[in-house]
Amino acid sequence: MVRTTAKSETGLSRDSLARAIEYLETQPQTLARDTTLMYYYNDLCEKSIFGNDPLADERLERFNRAWKKSSWPIGEALYLRAVGKKYDKLGQYEKAVESYHGALKIMKEHNSAPEHVVYTKILLGFVMLNNGNEEECLRLFKEAEPFALQLENTSHAIWIIDFYGDNTLFHAKGKEDYEKALAYYKRVEELLPNSLIKNQIPNNLQGQAAVYELLNNKAKAEEYRARALLEAKLIPNYFVLFNIYTDYANAEIENGNYPKAIEYRKLAIAAADSQQYLEFVNRAYYELYHTYKQSGDIRNALSTLEYYQILEDSLKRQEVNEKYAELNKKYEFEKQQLAISDLQNKNLKYGLMALVVAILGGILLLFFQARTKKKIAELNDQLSQRNCEVEEALYEGKQLERRRVSDKLHDSIATKLSALKWRVEASEGKMENSIYTPLVAELEKLYEDVRSMAHELRPLEFLDKGLKAATEQLFASIAGQSNAVFEIEIDEKVGKINKSLQYHVYQFVMELCTNMQKHSRPSKVSFLMEIIDSHIFIRFKNDGLLNEKPLKEGQGLRNIRTKVNHYGGDVRIEKDKNFELEINIPLV
């Protein structure tokens, strides 16, 4: 395996890198020449992409041709990372995730230098952060941190520690958190002399200015912000300019000076447009919308909100998180297959050894066979455990996605409906009452429906308390609104089955309760859930059906039957004068 000591950044300008590449391409092909050439191409392309260089695409295509002729396998990984940065900047996050993931896979397969792996994980972490997956971003940064701190070039460690400061500040609740964030920024300040990235200087100054502002040290805040603004304009660093103008706007809002705040918001948009990072442009328009709304400028608030939503939809955050989960699942599966392949190779080796040993004596042969079988059994146990962990991870992923969709409904669609209702109410007196009154009522009903859907997507009782407690609380809630007698019996052991199945069982119970409330007025309801002979058994009965027509299964019951079949179980439903349903699922 080939390793390189090349760094992710050179500190060279784009022009210097371009000249160095032209020279290297005239030299005879050697491994040393190829590693240096790929390294320079990567640095040139990433700097061209970041700096809005009109030659960026042409240089990326030249890089594509160059790595294919190279004898150094890491060249492809560096090319994929440069492509990922292009998609990252364009807001095409799904493609960026795929490119970064591909680069990491190649780097790990060929034992790449830690610096390349660290930087790629940092880029991937920021993509996940921009798509609302802060937990995965932190996990990637924690993985990369020990290696980053060992590098001579401190720029990677700075990105990680600076993020810790930003994240602490974002979630801060008081002075203790502000001081903790400041400690991170001061630690970055100590690392700056050994960084090859000048952009990190104004970024750090701006972070410290934000903390001093929160600590009510106005003099320090203004000193650091002025220094950051000067450094950012010299480079220029549009990210920092965006953040500084945002800070100034927030300060003007606190003073009640909305016209000035709107001016700073527009300067922030101009900085984001100059950088051409869609994520920051989107964020800038969202903040301008809120400032217009706070100022009472309804017309501009609505038009800005509409443009923000167009940008938000273009980022396709849901598809990004799904793609990331898919790639991680594929990577884990490939690791399992590799483990199986390694085991098969070991078995072959043991077989050959056993054949030689058989000549010397049957006792040693039996010994090696027994040893091999034991290792196979142990590995199978490990693989079985890993499959359970993957299933649990998929369940957690689904829960995160449901929360994300719930937040989207609540924060985006509900916001739009509220804004529309606000706009209609502003027209009271200009519309006929026969149109105005039912329209406002329907908008209010639609708003409440969306909020209800958002809450239903997050079964918090289940997440916090477990299947038994959540089910008991669900029935208790229904019983409190009914005159029926409820007989509920739930086995304590149901809490020990895997979370994914617990979640679906809870969904079954919610569907049955919904149907009962819609289609019956029962005097008696009984529910049983127990574990019997490695099966989970559920029986649900209620009387008081509103009609005795033959059962016609709706979408809810069909969904229950489909999911139970997926687990290898069966469903029995009877409807006469009473309604009775039984579910039996094996716990494999």
If you look at every heavy atom in [X] and [Y], which pair is closest and at what distance?
X      : Y      : result
Val188 : Asp162 : CG2-N, 3.7 Å
Ala272 : Phe242 : CB-CD1, 4.3 Å
Val83  : Ser99  : CG1-OG, 3.7 Å
Pro236 : Asn199 : O-OD1, 4.2 Å
Asn153 : Ser195 : OD1-CA, 3.9 Å
Ser303 : Asn300 : OG-O, 3.0 Å

Could you work out, with side chain to side chain contact (heavy atoms under 4.5 Å, CB included) as the rule, every residue matching [X], not counting sequence neighbours?
X      : result
Ala20  : Tyr40
Asp53  : Arg14, Ser48, Leu55, Arg59
Glu231 : Ile201, Pro202, Leu205
Lys220 : Tyr212, Asn217, Glu223, Tyr224

Measuring only between side-chain heavy atoms, which start at C-beta, is [X] closer than 4.5 Å to [Y]?
X      : Y      : result
Leu169 : Leu214 : yes
Thr291 : Lys266 : no
Thr246 : Arg265 : yes
Ile122 : His156 : yes
Thr304 : Lys293 : no

Quick check: does any side chain N or O of [X] sit under 3.5 Å from a backbone N or O of [Y], one acting as donor and the other as acceptor?
X      : Y      : answer
Lys47  : Leu12  : yes
Thr154 : Asn194 : yes
Asn204 : Tyr185 : yes
Asn255 : Ala251 : yes
Lys121 : Glu143 : no
Arg81  : His116 : yes
Glu287 : Ala268 : no
Asp88  : Gly84  : no
Asn64  : Leu60  : no
Asn42  : Leu78  : yes

Among all residues two or more places apart in sequence or in another chain, which pass the ring pair (Phe, Tyr, Trp, His ring centres under 6.0 Å) test with [X]?
X      : value
Tyr248 : Tyr264
Phe163 : Phe141
Tyr307 : Tyr285
Tyr184 : Tyr164

Counterpart residues, side chain to side chain donor-acceptor pair (under 3.5 Å), relative to Gln27 (two or more places apart):
none
Check this for me, if you would: do [X] and [Y] make a salt bridge, where the nitrogen-to-carboxylate-oxygen distance has to be below 4.0 angstrom?
X      : Y      : value
Glu263 : Lys260 : yes
Arg139 : Glu136 : yes
Glu189 : Lys186 : yes

Quick one: salt bridge (Lys or Arg N to Asp or Glu O under 4.0 Å) partners of [X], sequence neighbours excluded?
X      : answer
Glu213 : Lys218, Arg225
Arg62  : Glu25
Glu58  : none

Would you say OH of Tyr258 has more than 12 non-hydrogen atoms from neighbouring residues, nucleotides or ligands within 6.0 angstrom?
yes
How many angstroms lie between CG in Leu302 and OH in Tyr292, if you round to the nearest 0.5 Å?
12.0 Å
Distance-only side-chain donor-acceptor flag, His171 / Glu134, under 3.5 Å
yes
Should Leu80 and Glu98 be marked as a side chain to side chain contact (heavy atoms under 4.5 Å, CB included) after you check the CA-CA gap, both sets of side-chain angles, and the distance that decides it?
CA-CA 9 Å; Leu80 286 174; Glu98 191 168 7; over 6 Å; no
